[in-house]
Amino acid sequence: MVYIFDGTKLGFLTAFLLAYEDGNALLTSHAVQLPLGESFISVTTDSDKAKRVERRLLTFDTDALHALDRLLRSGMENHEQIAFRYFKKLATEKRPIDKNFADPDVFAAVECMKKVGHEIHKMHGFVRFMELENGALYAPISPDNDICDLLLPHFRARLPEYPFVIHDVTRKKAAVYDGKNAFVAPLGTADVLISADEEGWQKLWKNYYKAVNIPSRERLKQMRGYMPVRYWKFLPEKQETPNSFE
Amino acid sequence: MITEERLKILTESAKYDVSCSSSGSARKNEGGMGNGYVAGCCHSFTPDGRCISLLKILLSNDCIYNCKYCPNRLDADVPRATATPEEICELTIDFYKRNYIEGLFLSSAVCKNPDYTMERLLLTVKKLRLEYNFHGYIHLKGIPKADPLLMKEAGRYADRMSYNIELPSEKSLKLLAPQKSKESLLLPMKTLAMQTAQFREEKKKGLIKGHFLPAGQTTQMIIGASPEADGQILRLTQALYQKNGLRRVYYSSYVPIVHDSLLPDTAVGQLREHRLYQADWLLRFYGFSVEELLSENENLATEFDPKCAWALKNMQLFPVEINRAPLEMLLRVPGIGSKNAYKIMEARKYTKLSFEDLVKMRIALKRARHFITCNGKFFGEKNEYSVRGLLAAAETGENAKQLDLFSILSSPQNAMIALSGQL
Ligand code: SF4
């Protein structure tokens, strides 16, 4: 049976309860191609039931909700199923299983969470702000995982005096810091007016990037390994400048 | 805004310093901009595969010294540039605000005299901290022979400082960098170590606030411009870690660009540099001492990594049982790194690990299988000669591509200097 839920935490927990006894359960929130002869249930979120499941899982592992949050944020196609199998195992074992690396379900979940964690760390480096006319900072991003709000604490701590917007253009939402409060808001397209100096600084940065490279030691594969091409879209240093002679 | 031309000169003269790490400082934001990021953070990667973490730049490349290997030496005919402290501060702030960088790595050639140069560096860093209210990472290169009081003050504002040893022996320094001596390079490191200890003491007593080099000191050595063996180099490294409390020693393989009868004409392959880094890791994180690895006049094996080479010399200690071996011993198994050693330690609490379990945990067993048993079962090659052959073959497979690259690197027309261009 395929259990289609709304992608939220409470939705997942409701579906989890329904699917728990089903040996062939598949949990998902995406439109999936149903395997031949397979039927589906569209799960209605029941927050009371979900909260009961939540409390139960927490008695087995105090980190369970953190793990669930990470797994649901994952951009992997089958992340909800990975989460289902992981929590099913946790409910069977009734004790923390997160370090049982030899178990394939645990291993898959741990790897999935790790990817989310790694991308947060990567984005701490790869976010590129531009300065707007009003002094605020704006950064478009398009991460693999749903993490834009998890970037807030980091940038808020280091740029407390600058209002900023980190815009996940794919998921059409934004993490916003207005100089005082931080929040998440839906945001489709943003019309931004950049400051007078912005282009000059971007140009200087591109020049720096070019000058600090050692061309005779070219190792493109390594560069792409650390900084995959899909992240280049919003990095000024990876945009070609058409009229430049260099 | 600094001009593009000067930014280019001052960056190109700074880029051969290999260190770019921004780790080790937990400096807090106290209003203004920036904070430390203990793990360090890479913001971009250049086509040479290196990370950009800090804005790496010289305050000036106008030098009064004449180190033979350096493109900025007095006699060299190169364009010169000097930046003002304000220009450096602005650049740092505006790059940092846009999240291009994690902070500043500031260095300089020796202008006029060591004290003057150090004063300018200090002035820049102080300005950045006090006027621009910047709390991001600052790595400051120290100028040898400058007044210790200037160093002490710099330590209050920088997160990390480094004095580069450059050449691994006094003899080589005399020959190639006549204005420097081992003493003039080691002394400031010792002084800084003492000043750090003193600061911590006073801070504990509540007499003083703030920071003193929270990310410690590092240094860099050029490999292959002079004849020292790896054994001698690593002994120096070990002493620097143990006696002077250095956080990192960097190695930079020599590639000739400056022609001089005293310098070799051939480049050092990056394989040697790579091996030195591997051995360095063994000293810092795997509990090895240099005496276990090689004798003073020896070089590291090229065909295996240093841990394999050590294990092959100590076959009587293997195989070890993966389900029982203590962490120290797991760390000594070729092919098992610290992360995998940890994974094994944790996973074996749940179940007795079999060979298949290790495969499922994606632990690389190409090397390790000759040195371990899983529940008493051995999956490696018994004959020591075959083990050697297999390990060497594993190595060539991985390094084949890179080695190709090294040969390109070493050809004269592509040769560019791989030395640090400054102190
Ligand atoms: S290594 Fe430093 S001191 Fe020596 S010539 Fe170059 S810039 Fe000057």
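So you know, we letter chains A, B, ... as the sequences are listed, proteins then strands, and number each from 1. Below, all heavy atoms of this structure are taken into account, side chains as well, without hydrogens, waters or symmetry copies.
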Quick one: does [X]'s side chain have a donor or acceptor within less than 3.5 Å of a partner on [Y]'s backbone?
X         : Y         : answer
Tyr209(A) : Phe45(B)  : yes
Asn213(A) : Asp48(B)  : yes
Arg128(A) : Asn99(B)  : yes
Glu218(A) : Pro47(B)  : no
Asn100(A) : Tyr350(B) : no

Please indicate whether [X] has more than 12 foreign heavy atoms, meaning atoms of other residues, nucleotides or ligands, lying under 6.0 Å from its [atom1].
X         : atom1 : result
Asn134(A) : CG    : yes
Arg73(A)  : CZ    : yes
Glu346(B) : CD    : yes
Arg80(B)  : CZ    : yes
Lys203(A) : NZ    : no
Lys28(B)  : NZ    : no

When you compare the side chain of [Y] with that of [X], does any pair of heavy atoms fall below 4.5 Å?
X         : Y         : result
Pro160(A) : Asn29(B)  : yes
Tyr37(B)  : His154(A) : yes
Arg98(B)  : Met130(A) : no
Met223(A) : Thr46(B)  : no
Lys360(B) : Phe101(A) : no

Engaged part of [X] at the chain A interface, taking heavy atoms whose separation is under 4.5 Å:
X         : result
Ile344(B) : neither
Leu55(B)  : both
Leu358(B) : neither
Phe95(B)  : side chain

Worksheet item: Would Lys99(A) and Lys349(B) count as a side chain to side chain contact (heavy atoms under 4.5 Å, CB included) if you check the C-alpha gap in whole Å, the side-chain angles of each, and the deciding distance to 0.1 Å?
Response: CA-CA 9 Å; Lys99(A) 296 196 173 67; Lys349(B) 290 181 193 157; over 6 Å; no
Among the listed options [options], the residue most often paired with chain A at heavy-atom distances under 4.5 Å:
options                                 : answer
Lys56(B), Met33(B), Met1(B)             : Met1(B)
Thr351(B), Thr11(B), Asp357(B)          : Thr11(B)
Leu353(B), Ile2(B), Ile101(B), Leu91(B) : Leu91(B)
Ser44(B), Ala347(B), Gly34(B), Cys42(B) : Ser44(B)
Gly32(B), Cys41(B), Gly31(B)            : Gly32(B)

Discussion item. Please give me the minimum heavy-atom distance between Trp201(A) and Glu90(B), naming the atom from each residue.
Written reply: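 Between these two residues, the closest heavy atoms are CH2-O, 3.8 Å.
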Response to the item:
Between Phe107(A) and Lys343(B), the two heavy atoms sitting closest are CE1-NZ, 4.0 Å
Residue, of [options], that accumulates the most heavy atom pairs under 4.5 Å with chain B:
options                                    : result
Glu111(A), Arg224(A), Lys122(A), Glu161(A) : Glu161(A)
Tyr226(A), Tyr208(A), Phe129(A)            : Tyr208(A)
Tyr231(A), Phe155(A), Trp205(A)            : Trp205(A)

Worksheet entry | Trace of the side chain to side chain contact (heavy atoms under 4.5 Å, CB included) decision for Arg50(B) with Ile214(A) | CA-CA 9 Å; Arg50(B) 301 193 301 168; Ile214(A) 302 179; 3.6 Å; yes
Fill in: Spacing of CG belonging to Asn207(A) relative to NZ belonging to Lys8(B), to within rounding of 0.5 Å
8.5 Å
Worksheet item: Hey, what do you get for CG (Leu159(A)) to NZ (Lys97(B)), rounding to the nearest 0.5 Å?
Response: 9.5 Å
Worksheet entry | Ring centres under 6.0 angstrom apart (Phe126(A), His43(B)) |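 Not close enough - the centres of the two rings lie 6.0 Å or further apart.
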Practice prompt. Return yes if a side-chain donor-acceptor contact under 3.5 Å exists between Tyr96(B) and Arg158(A), otherwise no.
Written response: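 Yes, a side-chain donor-acceptor pair sits under 3.5 Å.
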Worksheet entry | Contact class of Leu220(A) relative to chain B, heavy atoms under 4.5 angstrom | both
Worksheet item: Which bit of Arg156(A) comes within less than 4.5 Å of chain B, counting heavy atoms only: side chain, backbone, both or neither?
Response: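 Neither part; nothing is under 4.5 Å.
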